[in-house]
Amino acid sequence: MNTPQLIFSPSESNLVGIEHGVKLEQLLLERNIKCIPIFLDDKNEDTITINGLVLTILSPRQNVVEELLKKWTADKIYQQYQSQIKSADPKITAEGQNLKSIQSILENPPFPHKWEDDLLNSSSIAFLSHYKQISLFFLGDANPELICREMERIGYRYDNRLELDLFKISHHGSKHNTTKELLEMVECSNYLISTDSSDPYYHPSRETLIMISNFGRHSPETALTIYSNYPLRLKRLFTDDELLTINIRFKPVKELTFPLI
């Protein structure tokens, strides 16, 4: 994400700072690499072109980052994270137990968080990447409703789907960051989830994988591939019978070469 100091926060501000989070900006500056902010507003173009690589920015909008700076301090963000860890249900790690049925998930899908209540993730950078006929979709930890809004703005919808070679799913596959509406705005058979399945959340969520299986393919016969940077703990996500019938190939990878085979 953009560090708030990079975008709006003055150096003397006591709001969210890089000293409280990832040190990426600091490391880049030490190497004399200049950082520039990426966000959407009414003045800036939403595309960046670098040697034939075209990035279409979909998140964050300036108003979202401004709300982050206005309402949150680094201490509050850390306290919220610690609170979520303590409230996480350890029973979800039990293999084969407490798995919601596919029917239950489809009839009562999880709701996205309101972006106003999830400002840190909602201010994540998300973009569409296009290079030499290859289209990739990177959502960071972005809010799916905000992404759908931006996709509609640039002309994509259920009856005019965005064709993709790879879709990097938002927020490690959290059930609150992937929706039926979002999946039905794209045409894709290859997905990527960045996660190590560690506690307290054990991402990806079963609900997300079920949503991808049912709404993220052209037809029920279309085979899907879900790539991940670590092997997924599939026994915690599916029953044995589901793994035989779900028609998804799960493939941990260290790198990908395009076009995908």
Within one Ile-Leu-Val-Met-Phe-Trp-Tyr cluster: [X] and [Y], side-chain cutoff 4.5 Å:
X: Ile48; Y: Ile125; result: yes
X: Leu139; Y: Val54; result: no
X: Ile50; Y: Ile38; result: yes

>> Filter on salt bridge (charged side-chain N to carboxylate O under 4.0 Å, His left out), then keep only pairs touching residues 217-230, sequence neighbours left out; what's left?
In response: none
Approximate separation, where rounding is to 0.5 Å, of [X] [atom1] and [Y] [atom2]:
X: Phe137; Y: Met151; atom1: CZ; atom2: CE; result: 4.5 Å
X: Phe167; Y: Thr178; atom1: CZ; atom2: OG1; result: 6.0 Å
X: Leu166; Y: Leu256; atom1: CG; atom2: CG; result: 6.5 Å
X: Lys251; Y: Leu232; atom1: NZ; atom2: CG; result: 14.0 Å
X: Leu58; Y: Cys148; atom1: CG; atom2: SG; result: 10.5 Å
X: Tyr156; Y: Leu162; atom1: OH; atom2: CG; result: 5.0 Å

Please examine the side chains of [Y] and [X], heavy atoms only from C-beta on, and report whether any two atoms are closer than 4.5 Å.
X: Lys168; Y: Ser194; result: yes
X: Asp240; Y: Lys235; result: yes
X: Leu182; Y: Phe215; result: no
X: Arg161; Y: Glu184; result: yes
X: Ile102; Y: Asn214; result: yes
X: Ile210; Y: Phe238; result: yes
X: Pro109; Y: Thr179; result: no

Does [X] reach the main-chain N or O of [Y] with its side chain, forming a donor-acceptor pair under 3.5 Å?
X: Thr225; Y: Asn190; result: no
X: Ser59; Y: Ser124; result: yes
X: Thr208; Y: Gly173; result: yes
X: Arg206; Y: Lys100; result: yes
X: Asn229; Y: Thr195; result: yes
X: Asn177; Y: Ile169; result: no
X: Ser101; Y: Ser104; result: yes
X: His176; Y: Phe111; result: yes
X: Asp165; Y: Ser135; result: yes

Testing the basics here: between [X] and [Y], what is the closest heavy-atom pair and its distance to 0.1 Å?
X: Arg157; Y: Asp159; value: CG-OD1, 2.7 Å
X: Glu181; Y: Met185; value: O-CG, 3.1 Å
X: Gly155; Y: Asn160; value: O-ND2, 2.8 Å
X: Ile246; Y: Ser213; value: CG1-OG, 3.5 Å
X: Ile147; Y: Ala126; value: CD1-CB, 3.8 Å
X: Ser123; Y: Pro60; value: O-CG, 3.4 Å

> Which is it for Ile248 and Tyr191 under the side-chain contact (heavy atoms from CB on, under 4.5 Å) test, yes or no, and what are the steps along the way?
Replying inline: CA-CA 10 Å; Ile248 297 178; Tyr191 296 85; over 6 Å; no
> For Asp141 and His172, what are the C-alpha separation, side-chain angles and deciding distance, and is it a side-chain contact (heavy atoms from CB on, under 4.5 Å)?
Replying inline: CA-CA 8 Å; Asp141 292 339; His172 320 292; 4.1 Å; yes
> Partners of Phe127 by ring pair (Phe, Tyr, Trp, His ring centres under 6.0 Å), sequence neighbours excluded?
Replying inline: Phe138
> In terms of heavy-atom contacts, does CZ of Phe250 have more than 12 from other residues, nucleotides or ligands at under 6.0 Å?
Replying inline: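 Atom CZ in Phe250 is packed in, count exceeds 12.
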>> If the threshold is 4.0 Å, N to carboxylate O, is there a salt bridge linking Arg153 and Glu150?
In response: yes
>> Let's go through Leu192 and Leu136 carefully: what are the C-alpha distance in whole Å and the side-chain angles of both, what is the deciding distance for side-chain contact (heavy atoms from CB on, under 4.5 Å) to 0.1 Å, and is it a yes or a no?
In response: CA-CA 10 Å; Leu192 172 65; Leu136 314 177; over 6 Å; no
> Who are the side-chain contact (heavy atoms from CB on, under 4.5 Å) partners of Leu53, not counting sequence neighbours?
Replying inline: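 side-chain contact (heavy atoms from CB on, under 4.5 Å) check on Leu53 returns Leu55, Ser129, Tyr131.
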